[in-house]
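For reference, the structure is listed below as structure tokens.
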Amino acid sequence: MKETISRYGLRGELTVPGDKSISHRSVMFGALADGTTEITGFLRGADCLSTIRCFEKMGICTEILPDRVLVHGKGLHGLTAPSDILDCGNSGTTTRLISGILAGQNFNSRLTGDASLCRRPMRRILIPLGRMGADIASEDGNDCLPLRICGRPLHGIHYDSPVASAQVKSSILLAGLTADGPTSVTEPHLSRNHTEILLRSFGADIRSEGTTATIYPAEELTAQKIAVPGDISSAAFFIAAALIVPGSEIRLRNIGINPTRDGMIRVCREMGGRLNLENVRREAEPRADLLVQASSLHGITIGGDIVPALIDELPVIAVMACFAEGTTVIRDAQELKVKESNRIRIMTEGLRRMGADCEETEDGMIIRGGRPLHGASVDSASDHRAAMSFAVASLMADGETNISDPECVKISYPEFYRDLHSLIAE
Ligand code: S3P
């Protein structure tokens, strides 16, 4: 892909698609609620459509209308046995959250996904769900998909999770919805809390204290009207682009700024980025408009508590770091190795091909900024966030950049290239 960019940089306003994590959960909890859940701002990316298709196979009717999505819920015990294996596509969130829901049903099911998803670790949910009494197993015995789940009654447990993962936490909490007593999860660092916030709005008794979330078995959930905010993980590509391309000034409308997701904002500011929040709406899921202006960035160290709050943004933060003065160190981010691709490897390999001075470490990357980038052929590994990150890097690279499987952006952002072009002043 070749991007030509005028000397005016990126200019204009954009509304990015809805938050992926919240869109998935809206469908799942809507399916388990009594009544019709109405979702505006739903992300129509391939991942969230996988979630819809899985629930349709379990008897849930959904209507994808031009301005909203309707989920006709059947109540906590209303799902029916799927006639076929459930295909989660590329989506780890679909797989791990649905597993928690399926473990306590009174029917059996099987889950699979695409080649990338079939490589991702499922032991992290098999262990805690197994402790709750679930009969769940990896069919090939390698702790990966396909999974076979024989639904049965579950017990409430307390689980000390070794990883800060919202997918693991949510899987356990969802299993806890129908368990015989309270279920709690403690994480090493707080991961995104959309499950806690949204399930509470559906009427579940779910409490959070520090890094522990506790759910009490529910009698019923009640359908909701949900306005999904723009996805900060999608906004991140434009934030990074506007910060590094000289002359840029853009406004991103209605972006979710939940404190468990706002690590990108904190890091950009710490790197010297000019990023202002406007029109802040303090709702359960807070949102704001972001004004971003081209900035001189400097390298920083990123690690510890903040990592779960920006885990999906680290590929594009690595791109920003190439244009920052000094060294950026990313650590405590070993989870990047088990995302849609090994993002530590894919990003360091691709950026090095473009001329960057960066290296892979055991739990992150080290990037020495300041070297000019040039166009190259880079491998996205069909990972949507890697492809979008390389597209941002290409804006500042001399010559043409070819990204393998550029269309993989459809997973989370089908109109990404159109929206990027819309900000490039002619
Ligand atoms: C997600 C949680 C994160 C994130 C993923 C979406 C979610 O994964 O990387 O894109 O919706 O719960 P982990 O739970 O594996 O950290």
Side-chain angles (χ1 to χ4, degrees), residues 17-29 42-43 45-48 50-51 88-101 113 116-117 119-129 143-145 159 161-174 185 187-199 211 213 228-229 231-237 256 258 260-264 285 305-317 332-344 346-347 363 383-386 388-389 408-409 411-413:
D19 187 275
K20 182 151 82 70
S21 296
I22 300 175
S23 295
H24 279 299
R25 289 160 170 81
S26 303
V27 170
M28 294 180 185
F29 306 167
F42 181 80
L43 169 63
D47 265 12
C48 298
S50 293
T51 291
C88 302
N90 190 247
S91 175
T93 306
T94 308
T95 313
R96 297 190 177 118
L97 271 61
I98 284 193
S99 296
I101 293 171
S116 150
L117 190 58
R119 285 191 292 268
R120 297 181 65 184
M122 294 299 153
R123 191 176 156 79
R124 52 183 59 202
I125 56 161
L126 299 181
I127 298 289
L129 292 177
D143 292 331
C144 292
L145 289 175
Y159 187 64
S161 178
V163 278
S165 159
Q167 294 178 0
V168 171
K169 171 175 63 179
S170 304
S171 184
I172 300 165
L173 293 174
L174 286 167
V185 184
E187 310 183 87
H189 306 284
L190 187 62
S191 67
R192 64 191 67 191
N193 61 359
H194 305 303
T195 295
E196 296 90 307
I197 291 172
L198 200 58
L199 261 186
T211 61
V228 180
D231 197 327
I232 192 164
S233 298
S234 297
F237 302 105
N258 179 318
T260 64
R261 292 286 299 284
D262 71 353
M264 175 74 184
E285 286 288 359
D305 264 0
I306 199 172
V307 170
L310 47 65
I311 189 74
D312 291 342
E313 290 66 79
L314 286 171
V316 83
I317 288 173
D332 304 321
Q334 50 275 52
E335 277 294 299
L336 285 180
K337 294 182 187 168
V338 290
K339 294 294 177 187
E340 287 83 330
S341 70
N342 177 342
R343 288 182 174 160
I344 296 180
I346 287 299
M347 289 312 301
D363 63 351
D383 179 331
H384 54 129
R385 298 201 200 283
M388 290 186 273
S389 300
C408 67
V409 302
I411 291 296
S412 63
Y413 200 155

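Remember, it's 1-based here, ligands and their atoms both numbered in the order they're listed. Note: hydrogens, waters and symmetry copies are ignored here, and every other heavy atom, side chains too, is used. One-based numbering along the sequence shown.
- If you check which protein heavy atom lies closest to atom 14 (O) of ligand 1, you get S165 OG, 2.6 Å.
- Remark: side-chain polar atoms of S161 are not paired, donor with acceptor, to backbone N or O of E187 under 3.5 angstrom.
- Nearest-residue assignment for atom 3 (C) of ligand 1 (options K339, E187, K169; heavy-atom criterion): K339.
- Proximity of a side-chain donor or acceptor of D19 to a complementary backbone N or O of I22 within less than 3.5 Å is detected.
- For ligand 1, the atoms sitting less than 4.0 Å from at least one non-hydrogen atom of A166 are 12 (O), 14 (O), numbered in the order shown with element in parentheses.
- Regarding atom 1 (C) of ligand 1, its nearest protein heavy-atom neighbour is Q167 NE2, 3.5 Å.
- Atoms of ligand 1 lying under 4.0 Å from any heavy atom of T93, numbered from 1 in the order shown and given with element: 1 (C), 6 (C), 7 (C), 11 (O).
- Counting heavy atoms closer than 4.0 Å to ligand 1, residue H194 contributes nothing at all.
- For the side chain to side chain donor-acceptor pair (under 3.5 Å) with S170, the lone residue among R192, H194, R25 that qualifies is R25.
- Checking side-chain atoms of S171 against main-chain N and O of R96 turns up a donor-acceptor pair under 3.5 Å.
- In this structure, the side chain of D383 engages the main chain of S341 through a donor-acceptor pair within 3.5 Å.
- Compare H384, E340, H24, R25 by their heavy atoms: the one nearest to atom 12 (O) of ligand 1 is in R25.
- A 4.5 Å side-chain heavy-atom check between V307 and E335 finds every atom pair outside the cut-off.
- Checked by atom type and distance alone, the side chain of S23 pairs as donor or acceptor with a backbone atom of L43 at under 3.5 Å.
- With hydrogens left out, the protein atom closest to atom 11 (O) of ligand 1 is S21 OG, 2.7 Å, a heavy atom.
- For atom 4 (C) of ligand 1, the closest heavy atom belonging to the protein is D312 OD2, 3.3 Å.
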